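Each chain gets a letter, A, B and so on, in the order the sequences are listed, and its residues count up from 1. Here the structure is a predicted model, which is why all the values come from computation and not from measurement.
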2 protein chains.
Amino acid sequence: MNTGDLYLCLAESDRLRIVNLLAEGPLCGCHIQNILSLGQVKISKQLAYLKKLGAVNCDREANWVVYRLSEPVDPLLAENLRLLRLRSPGLAEDLKNRAGFLAGIAHEEKPAPEPVQKQCCIAMRFCHEKNNKDTK
Amino acid sequence: MNTGDLYLCLAESDRLRIVNLLAEGPLCGCHIQNILSLGQVKISKQLAYLKKLGAVNCDREANWVVYRLSEPVDPLLAENLRLLRLRSPGLAEDLKNRAGFLAGIAHEEKPAPEPVQKQCCIAMRFCHEKNNKDTK
DNA sequence: ACGGAATATTCATCATTCGGAATATTCCAA
DNA sequence: TTGGAATATTCCGAATGATGAATATTCCGT
């Protein structure tokens, strides 16, 4: 991915929010949809866009499609995410919702594909306050 | 300027090159044109775009229009320029050409508006090797 | 007033992006 | 094999962006 494309990933707010989430670990499309409260089509299109740019890749796992940032993550991207999280509370908020959502689905029988499920355990430990509405 | 617009400034290579030059100090459109060897219309349009985003501003000085980065320069922009210069030799090259060009016009009777002219003195001191073709 | 230098704008075209709505696909479970 | 969940695609219209050619404007010097 060239630097121009890298900046395109960050130049649109919904795209940035998705990249911000995926930087913490892989997620399925429906999880992103839940965490960000955005429509399915918008999520799917932005993911396709990011995939075209080479920023993310995915593989199907049964009913789900697991999305991840393409490795290795460009240090320029990582540094920008770090700086952006410091300045825009929304991004930090999204990360909290991410942990909350993962913790919320951790108890379900088959909550998510393995790579996502692994994070649920972590989220359980770090997200004791319930801060997303899907937690039952 | 919001962060999305900031990244738009960096997402196109010609635009990035212009911002990179202006980060070192104000320049006229024709100077940018010379340093980057790009067409007048393209320069003018990208400058208009950057002005629309709020990244640059300008004021007319006789026949010239002096462009500057809008103050204060966002630290996020500055940091990205710093990192980009380390990874893309082209940007560092442009800066050398910038210094070479300014040194080259330093001896002319009326080389440029005052804000640009001031940098010519600096360029004279720092640019002893002649690395641009306009130097006569 | 005229010519030239520096800059801006218009026009036409092509490609990209975006939005919403609708529909299609893939997979699993029962 | 039918249904539902997750995801992708298509269609459409509106908006934006880039390019190149041509033209317009602004200003200065003479």
Side-chain angles (χ1 to χ4, degrees), chain A residues 4-5 7-18 22 26-53 55-68 101 105 108-117 134, chain B residues 4-5 7-18 22 26-53 55-68 101 105 108-117 134:
Chain A
D5 289 346
Y7 287 122
L8 284 182
C9 296
L10 308 175
E12 209 268 339
S13 66
D14 293 333
R15 241 171 4 233
L16 169 58
R17 294 178 73 194
I18 293 175
L22 292 181
L27 287 174
C28 301
C30 63
H31 301 153
I32 299 173
Q33 190 179 343
N34 269 285
I35 297 169
L36 299 186
S37 296
L38 294 174
Q40 185 263 324
V41 175
K42 176 172 280 191
I43 297 285
S44 180
K45 281 181 179 175
Q46 293 294 1
L47 284 170
Y49 186 98
L50 290 170
K51 205 160 50 175
K52 196 187 71 178
L53 293 182
V56 312
N57 60 77
C58 62
D59 50 353
R60 184 148 214 140
E61 190 97 11
N63 216 338
W64 292 284
V65 176
V66 183
Y67 287 91
R68 347 170 116 71
F101 176 80
I105 65 172
E108 302 180 0
E109 43 337 312
K110 177 60 180 159
E114 218 187 313
V116 178
Q117 198 165 355
D134 286 2
Chain B
D5 289 346
Y7 287 122
L8 284 183
C9 296
L10 307 175
E12 208 268 339
S13 66
D14 292 334
R15 234 161 22 222
L16 168 58
R17 294 178 73 196
I18 293 175
L22 292 181
L27 288 174
C28 302
C30 62
H31 301 151
I32 299 173
Q33 191 179 342
N34 268 285
I35 296 168
L36 299 186
S37 296
L38 294 174
Q40 187 262 324
V41 175
K42 174 173 282 190
I43 297 285
S44 179
K45 282 181 179 172
Q46 293 293 3
L47 284 170
Y49 186 97
L50 290 169
K51 205 161 51 175
K52 196 186 70 181
L53 292 182
V56 311
N57 61 76
C58 62
D59 50 352
R60 186 149 212 141
E61 190 96 12
N63 214 338
W64 292 285
V65 176
V66 183
Y67 286 91
R68 344 169 119 72
F101 176 80
I105 65 173
E108 302 180 1
E109 43 336 314
K110 178 58 181 161
E114 219 187 313
V116 178
Q117 199 166 354
D134 286 1

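The two residues B:Leu8 and A:Ala11 make their nearest non-hydrogen contact at CD2-CB, 3.8 Å.
Here A:Glu12 pairs with A:Gln46 under the side chain to side chain donor-acceptor pair (under 3.5 Å) rule; sequence neighbours left out. Listed by chain and residue number, nothing satisfies the salt bridge (Lys or Arg N to Asp or Glu O under 4.0 Å) test with B:Arg15 (two or more places apart in sequence, or in another chain). Under the side chain to side chain contact (heavy atoms under 4.5 Å, CB included) criterion, A:Asp59 pairs with A:Val66, A:Arg68, not counting sequence neighbours. Under the side chain to side chain donor-acceptor pair (under 3.5 Å) criterion, B:Asn57 pairs with B:Ser70, not counting sequence neighbours. Judged as a salt bridge (Lys or Arg N to Asp or Glu O under 4.0 Å), and not counting sequence neighbours, the contacts of A:Asp14 are A:Lys42. In this structure, the side chain to side chain contact (heavy atoms under 4.5 Å, CB included) partners of B:Val65, at least two apart in sequence or on a different chain, are B:Cys58, B:Arg60, B:Tyr67. A search for side chain to side chain donor-acceptor pair (under 3.5 Å) contacts involving B:Tyr49 returns nothing, not counting sequence neighbours.
Note that CZ of A:Arg17 and CG of A:Leu38 are 5.5 Å apart. Values are rounded to the nearest 0.5 Å. Note that NZ of A:Lys52 is 8.5 Å distant from CG of A:Asp5, once rounded to the nearest 0.5 Å. Between the CG atom of A:Leu10 and the OH atom of B:Tyr7 there is a distance of 5.0 Å, given to the nearest 0.5 Å. For the atom pair CD (B:Gln33) and CD1 (B:Ile35), the distance works out to 11.0 Å, reported to the nearest 0.5 Å. Rounding to the nearest 0.5 Å gives a distance of 11.0 Å between SG of A:Cys28 and CG of A:Leu47. Here A:Asn63 contributes atom CG and A:Cys30 contributes atom SG; the two are 8.5 Å apart, rounded to the nearest 0.5 Å.
Heavy-atom distances under 4.0 Å link DNA chain D to no residue of residues 8-16 of chain A. DNA chain D is contacted by B:Val41, B:Lys42, B:Lys45, B:Tyr49 of residues 38-51 of chain B, taking any non-hydrogen atom closer than 4.0 Å.
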Between the protein and nucleotides 27-30 of chain D, list the N/O to N/O atom pairs that are separated by less than 3.5 angstrom.
none

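Over its full length, the helix from C:dA1-D:dT30 to C:dT17-D:dA14 turns its helical axis through 30°, comparing axes from the five pairs at each end and rounding to 10°.
In summary, contact between chain B and DNA chain C, defined as any nucleotide atom under 4.0 Å from a heavy atom of the protein, begins and ends at C:dA5 to C:dC11 in the 5' to 3' direction.
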Next on the checklist: Checking B:Leu27 against B:Ile18 for the side chain to side chain contact (heavy atoms under 4.5 Å, CB included) test, could you report, in this order, the C-alpha distance in whole Å, the side-chain angles of both residues, the deciding distance, and whether it holds?
Outcome noted: CA-CA 10 Å; B:Leu27 288 174; B:Ile18 293 175; over 6 Å; no
